[in-house]
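Here the structure comes first, spelled out in structure tokens, and everything after it is commentary.
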Amino acid sequence: MKVILAQPRGFCAGVVRAIEIVERALEKYGPPVYVRHEIVHNKWVVDALKARGAKFVEDLSEVPPDGITVFSAHGVAKKVELDAQERGLHVLNATCPLVSKVHTQGRHYLRKGRTVVLIGHAGHPEVEGTLGQIPGEVLLVQSEKDVDQLTLAPETPIAYVTQTTLSVDDTKGIIAALYRKFSDVVGPGTEDICYATQNRQMALRELSKAVDVIFVVGAANSSNSNRLREIGLEAGIPTHLIANGSEIKPEWVDGVEVVGITAGASAPEVMVMDAIEALRKFGPVEVSLLPGREENMEFRVPVELLQVKNASKIGKDGSLGHSSLAKVDCG
Ligand code: SF4
């Protein structure tokens, strides 16, 4: 069986930064460090941080008054920031800078007197955070149908922003629907969809031309991983979202000659390696890489953590997967 790995895949700069913030906070302040929501949507990462003393909570009421508190990469609503401030919590904000950029854009459009439309998936923490960072009414649309159902007058000045982890093609369709329905629309095009999401989607489209089945390594609640799965399916290739190798079913690879593997932005490279190991149980496996875009993006951690020596355990154990051509054992 041939296995082709998409490039790039796995950890993005926002995920690396968020994990580093928790690791450095543990190093500087000692455990426990409280993290609101999963720091990134990946069980392996969450469990690894738990083992080192991070405590994951869904509500700030679970954090004691003097608790060091980290906000996850997805961002939080203003109300959560104010709650933390009122309670005097020591907050380290791991919101991805590219998510914060969307918050700033939304506030800017609102100040300009426009009705803000957020294109995104209801209930996702990033969407909840963005809705709560723009101090006015924001209309959430998830599909072209949702745009058709908006009851605003056609001349209403509209501005749209988007979730960072959407499908580029679906989003283009929704934006086009906004332009069809309203006469005065401004927005960033698909630029709010972050570089990592766009690069992984582009790489998967290339990969789908060369394989019989695709495995997307990622969590069931990871937005960008789900979009990768959909893109594989749209390309007509059986595509399965797996957390790790143990989830690969024998019938998925029965008679298959070429397997493609990619990983969502919150999935560590170690889980990709685990999937390859699982495939070896079905017979000899030859691994290669599909050449793709190199990523060099890095985001700085908060100033108070800059001096902390980061012996990134997750980076080491999880073999940070982004642009990891050199790290893959193709033997
Ligand atoms: Fe930031 Fe994009 Fe990574 Fe989300 S997927 S953390 S927006 S770089």
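None of these values were measured; they are calculated from a predicted model. Ligands are counted one by one from 1 in listed order, and the atoms in each one are counted from 1 as well. Below, all heavy atoms of this structure are taken into account, side chains as well, without hydrogens, waters or symmetry copies.
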Task: Exam field: side chain Arg87 to backbone Val63, donor-acceptor pair closer than 3.5 Å - done: yes
Open item on the list: With 2.8 Å as the threshold, which protein atoms of type N, O or S lie near atom 3 (Fe) of ligand 1? Leave waters out.
Closed with: Cys12 SG
Task: Heavy-atom pair with the smallest gap, counting every atom of Val253 and Val259 - done: CG1-CG2, 4.3 Å
TODO: Verify whether the ring centers belonging to Tyr29 and His90 lie closer than 6.0 Å.
DONE: yes
Task: Presence of salt bridge, Arg280 and Glu277, under 4.0 angstrom - done: yes
- [ ] Assert yes or no for the condition that the ring centre distance of His41 to His124 is strictly below 6.0 Å.
- [x] yes
Task: Parallel, tilted or perpendicular, as decided by the 30° and 60° cut-offs, for the rings of Trp252 and Phe215 - done: tilted
